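A short worksheet on the structure shown next.
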Amino acid sequence: MARRILHADMDAFYAAVEELDHPEWKDVPLVVGADPRKGQGRGVVSTCNYIARKFGIRSAMPVSRAYSLCPEAVFVPPRMDRYIEFSEQIMEIFSRYSPAIEPLSLDEAFLDCSGTERLFGNDESLGKQIKADVRRETRLTVSIGISAIKFVAKIASDLRKPDGLVVVAPGTEKDFLAPLPVERLWGAGPRTCKQLKDSGIFTIGDIAMREPSRLPGAGRGKHWQHLMALARAEDPRGVQPHRERKSIGEERTFGKDLFESEALRLALLKLCRELSYRVRKTGFRGRTITLKFRYTGFETHTRSRTVAMPVITETGLRALALQLWEEIDKTRDGRSIRLLGVQISHAESESQPDLFSTEFLEPEPVANAGSKKTDRANYSSANSSADSQASRNRGGKKNQNDGYSRSDSILEEGKNLARDQKLEYTMDQINEKYGQKLQRGIQ
Ligand code: TTP
Ligand code: MG
């Protein structure tokens with residue numbers, strides 16, 4: 001089966017973030033780089049918006065040159081913290097669509113989406129879903145290319161920027177590449193392009209058709225061999241994730257900071273719903289749940305708890321998340337919350353928990369949640385797992401210490417857990433079947 005590689009790259013990334021924070025810059029030429037009018041004319045352009053590009057301004061160009069091309073442009077210094085914040089959000093969105101992600105920079109990544117057709121539909125539908133998620137959650141646009149061949153996906157994402165989606169069907173890659181100028185070829189720098197043009201070669205198709213001996217340098221050397229292979233759409237490289245997925249999470253920055261406990265609780269439950277759906281879809285298994293919260297003004301904290309068994313049901317996740325939330329709510333002194341997130345980490349290697357293991361009832365020692373920010377509070381778990389706790393709560397008297405033997409109680413919890421799991425999978429199927437139809441009806 002053909003691979004399905006997706007390349008996603010944000011549009012005018014730094015500039016788009018600046019426009020988001022300063023809508024007054026949206027319709028004017030905007031350059032991210034030191035302001036040449038303030039005596040810092042030696043810096044270079046990080047990027048610029050698409051209006052500024054019409055004046056010929058480009059990344060890495062000296063700001064003094066950008067100024068001479070467009071004196072009325074607004075120049076703003078880069079704010080890396082803010083771009084990193086968006087980058088994390090974008091990568092988190094990408095991670096919903098593939099566990100194999102190869103980030104190339106803050107704003108772009110390859111995703112290996114092979115075998116996800118049943119989950120996300122055809123290439124077009126997959127690309128549209130990712131674009132819609134990015135737009136809805138960040139209010140930024142991303143361009144996407146999809147192909148069975150890695151570098152073709154990269155070229156495709158760049159072709160219809162901004163806000164592009166280009167799908168190259170398997171088997172059509174050579175035809176797709178043929179008319180494109182040689183500059184598009186990954187690895188063909190200005191020097192190579194000049195050599196090619198001097199030899200009468202202007203398009204990628206020209207390279208593919210040319211006898212290797214009639215290429216510059218007679219086509220010898222690794223560099224030319226590589227370019228020839230690419231021109232013929234030969235690229236065996238796969239997506240190389242730098243690391244296995246260690247966690248899975250959902251977070252939201254609210255449109256307006258939230259203050260009411262009830263509103264925050266509801267927002268948390270919604271996050272739990274979305275996260276548990278992804279847990280079911282990806283089969284991710286983790287035993288640590290972490291709540292992340294950011295106050296108005298950006299102070300960020302996390303609290304986490306580790307349990308003995310992976311958190312696999314929404315019921316279990318909600319129970320744990322609410323316990324953590326109540327602790328936070330008590331200590332936040334009425335401060336408003338800007339961002340809320342929930343994450344499961346501490347990945348398990350086994351794909352399914354053993355429902356009837358006696359470990360099910362053992363408390364787990366404190367875990368290290370790996371938070372970057374301040375005031376991390378880890379709690380050891382009083383209960384064995386969120387899932388079994390939820391089962392106990394629901395089971396009422398029967399699950400108390402009321403004469404049932406330990407193995408009976410384990411069996412009972414296992415049954416409850418299996419029932420929750422089955423119910424939630426069934427709900428997913430119903431939602432996927434009728435929810436999508438409903439959405440299509442509305443569009
Ligand atoms: P790019 O993806 O190359 O550029 P872009 O996102 O601004 O524009 P587009 O993809 O729509 O063509 O780079 C991502 C960010 O990296 C960019 O916003 C700013 C930064 N960057 C630099 O700081 N210096 C550079 O030379 C380049 C190319 C990018
Ligand atoms: Mg970009």
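As the structure is a computational prediction, the values presented were derived from the model and not from experiment. Sequence positions, counted from 1, serve as the residue numbers for this chain. Whatever order the structure lists them in is the order used to number ligands and atoms, beginning at 1.
- Not one N or O of S59 is nearer than 3.5 Å to an N or O of ligand 1, by distance alone.
- In this structure, Y295 and H301 have perpendicular ring planes: the angle between them is above 60°, well past the 30° mark.
- In terms of modelled atom types and a separation under 3.5 Å, the side chain of E102 and the main chain of Q240 share a donor-acceptor contact.
- Atom 12 (O) of ligand 1 lies below 4.0 Å from at least one non-hydrogen atom of the protein.
- Protein heavy atom at the shortest distance from atom 15 (C) of ligand 1 is Y14 CE1, 3.8 Å.
- Ligand 1 lies out of reach of Y83, whose nearest heavy atom is not under 4.0 Å from it.
- Shortest distance from the Mg ion (ligand 2) to D107 is reached at OD2 (N/O/S atoms only).
- Between the side chain of T302 and the backbone N or O of L291 there is no donor-acceptor pair closer than 3.5 Å.
- Side-chain polar atoms of D257 and T296 form a donor-acceptor pair below 3.5 angstrom.
- Here's the thing with E108: none of its N/O atoms is less than 3.5 angstrom from an N/O atom of ligand 1.
- Residue M10 touches ligand 1 through its backbone alone, judged by heavy-atom distances below 4.0 Å.
- Any N or O atom pair closer than 3.5 Å counts here, and D9 shares at least one such pair with ligand 1.
- With distances taken over non-hydrogen atoms, the option nearest atom 23 (O) of ligand 1 out of S46, A12, S87 is S46.
- Heavy-atom neighbours of M209 CE from other residues, nucleotides or ligands within 6.0 Å: at or below the threshold of 12.
- Of all atoms in ligand 1, numbered sequentially from 1 with element shown, those under 4.0 Å from a heavy atom of Y50 are 9 (P), 11 (O), 12 (O).
- Taking every non-hydrogen atom of F13 and a distance limit under 4.0 Å, the qualifying atoms of ligand 1 come out as 5 (P), 6 (O), 7 (O), 18 (O).
- Nearest protein heavy-atom contact of atom 17 (C) of ligand 1 is T47 CB, 3.7 Å.
- Heavy-atom separations between M61 and ligand 1 are all 4.0 Å or longer.
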Does the salt bridge (charged side-chain N to carboxylate O under 4.0 Å, His left out) test come out yes or no for E92 and R278, once each step is laid out?
CA-CA 12 Å; E92 189 277 318; R278 286 178 50 217; 3.0 Å; yes
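- Nearest protein heavy-atom contact of atom 8 (O) of ligand 1 is R53 NH2, 2.8 Å.
- Looking at D235, its side chain does come within 3.5 Å of a backbone N or O of F151 through a donor-acceptor pair.
- Panel note: side chain K161, backbone M10; a donor-acceptor pair is recorded below 3.5 Å.
- Counting heavy atoms under 4.0 Å from ligand 1, residue E18 does not touch it at all.
- Looking at Q129 and S125, their side chains do bring a donor and an acceptor atom within 3.5 Å of each other.
- Within the 3.5 Å criterion, the main-chain N or O of I149 finds no donor-acceptor partner in the side chain of R3.
- Residue contacts with ligand 1: A15 is placed with no nitrogen or oxygen under 3.5 Å of a nitrogen or oxygen of the ligand (distance criterion only).
- Angle OD1(D9) to the Mg ion (ligand 2) to O(M10), rounded to 10°: 80°.
- At a cut-off of 3.5 Å, with distance as the only test, no side-chain donor of D112 or S98 sits close to an acceptor on the other residue.
- Between the choices V45, N49, V17, D107, the shortest heavy-atom distance to atom 6 (O) of ligand 1 belongs to D107.
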